[in-house]
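Start at 1 with the first residue, then count along the sequence.
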Amino acid sequence: MQIEVSQSGDQARFSLQGILNEQGAEELKSRFNQLRLDSISEVEIDCGQVEHIGSSGIGKLLLLYKKLASKGGTLKVVNLPGPLYDLFIELKMESLFTVSRKA
């Protein structure tokens, strides 16, 4: 799992590549914990290069959503490949945060 993080003002962007399994989820959680959530209002997770997301990866996204929402922030998960997008829709994740399919 490769993770690139960039921040511009009150927005942070994560670009993920590879397989978001248990090990990748722990690395992602570590990177989330480095964010200063009091100064961030929006986090975008770009999954355009993600091949698979396991349950622990989804769990870490939900934890980040919960932390952001408690401070009035928003989460966007974008560029999901078709099967992953379908999974997120099936899990009704779009009712919590923005979810978009890879073009």
Side-chain angles (χ1 to χ4, degrees):
M1 164 92 335
Q2 293 180 6
I3 303 171
E4 289 182 29
V5 183
S6 59
Q7 188 171 344
S8 176
D10 64 349
Q11 297 180 333
R13 185 169 199 277
F14 286 73
S15 293
L16 309 182
Q17 183 176 354
I19 296 173
L20 186 50
N21 55 15
E22 197 169 321
Q23 180 183 353
E26 286 305 315
E27 185 180 339
L28 190 58
K29 179 183 174 186
S30 172
R31 301 296 289 271
F32 287 162
N33 288 337
Q34 294 173 7
L35 290 176
R36 295 186 46 110
L37 291 180
D38 52 338
S39 65
I40 293 179
S41 66
E42 181 181 296
V43 175
E44 180 177 280
I45 312 284
D46 185 341
C47 295
Q49 300 296 314
V50 174
E51 300 164 29
H52 173 77
I53 299 177
S55 59
S56 50
I58 289 173
K60 300 306 185 252
L61 292 174
L62 290 171
L63 282 174
L64 176 62
Y65 160 75
K66 188 175 178 181
K67 288 180 181 179
L68 281 169
S70 72
K71 304 226 182 245
T74 59
L75 175 64
K76 292 181 179 180
V77 179
V78 301
N79 290 327
L80 282 163
L84 293 178
Y85 175 81
D86 294 343
L87 173 65
F88 273 56
I89 297 302
E90 190 173 317
L91 294 172
K92 303 207 183 308
M93 302 286 258
E94 82 283 1
S95 67
L96 301 174
F97 49 81
T98 301
V99 175
S100 71
R101 181 187 295 262
K102 186 175 182 178

- Report yes or no: does Lys102 contribute a side-chain atom to a donor-acceptor pair with the main-chain N or O of Gly48 at less than 3.5 Å? yes
Can [Y] be reached from [X] by stepping across I, L, V, M, F, W or Y side chains whose heavy atoms are under 4.5 Å apart?
{"X": "Met93", "Y": "Ile89", "result": "yes"}
{"X": "Leu75", "Y": "Val5", "result": "yes"}
{"X": "Ile40", "Y": "Leu63", "result": "no"}
{"X": "Ile3", "Y": "Phe32", "result": "yes"}
{"X": "Leu62", "Y": "Leu37", "result": "yes"}

- Kindly indicate whether the side chain of Arg101, heavy atoms from C-beta on, has any atom under 4.5 Å from the side chain of Asp86. yes
- Do Leu80 and Val99 have side-chain heavy atoms sitting under 4.5 Å apart? yes
- salt bridge (charged side-chain N to carboxylate O under 4.0 Å, His left out) partners of Glu22, counting only residues at least two apart: none
Return the [atom1] to [atom2] distance between [X] and [Y], rounded to the nearest 0.5 Å.
{"X": "Gln49", "Y": "Gln17", "atom1": "CD", "atom2": "CD", "value": "5.5 Å"}
{"X": "Lys71", "Y": "Ser41", "atom1": "NZ", "atom2": "OG", "value": "13.0 Å"}
{"X": "Ser100", "Y": "Asn79", "atom1": "OG", "atom2": "CG", "value": "5.5 Å"}

- Query: Knowing that exactly one of Leu35, Leu61, Val77 qualifies, which makes a side chain to side chain contact (heavy atoms under 4.5 Å, CB included) with Val43?
  - Reply: Leu35
- Message: If you compare all heavy atoms of Cys47 against all heavy atoms of Pro81, which two are closest, and at what distance to 0.1 Å?
- Response: O-CD, 3.5 Å
- Item | Heavy-atom closest contact (Ala25 atom, Leu20 atom, distance) | N-CD1, 3.6 Å
- Query: Under the side chain to side chain contact (heavy atoms under 4.5 Å, CB included) criterion, do Lys76 and Glu42 qualify, and how do the steps go?
  - Reply: CA-CA 8 Å; Lys76 292 181 179 180; Glu42 181 181 296; 3.9 Å; yes
- How are the rings of Phe97 and Tyr65 set to each other: parallel, tilted or perpendicular (split at 30° and 60°)? tilted
- Query: Within a reach of under 6.0 Å around CD of Glu90, are more than 12 heavy atoms found that belong to other residues, nucleotides or ligands?
  - Reply: no
- Take atom CD in Gln7; do more than 12 heavy atoms of anything else shown fall under 6.0 Å from it? yes
- Sort and list the pairs that fulfil salt bridge (Lys or Arg N to Asp or Glu O under 4.0 Å) and have at least one residue in residues 43-62, not counting sequence neighbours. Arg13-Glu44, Arg13-Asp46, Glu26-Lys60
- Task: Would you check, one step at a time, whether the test side chain to side chain contact (heavy atoms under 4.5 Å, CB included) holds for Leu64 with Leu28?
- Result: CA-CA 10 Å; Leu64 176 62; Leu28 190 58; over 6 Å; no
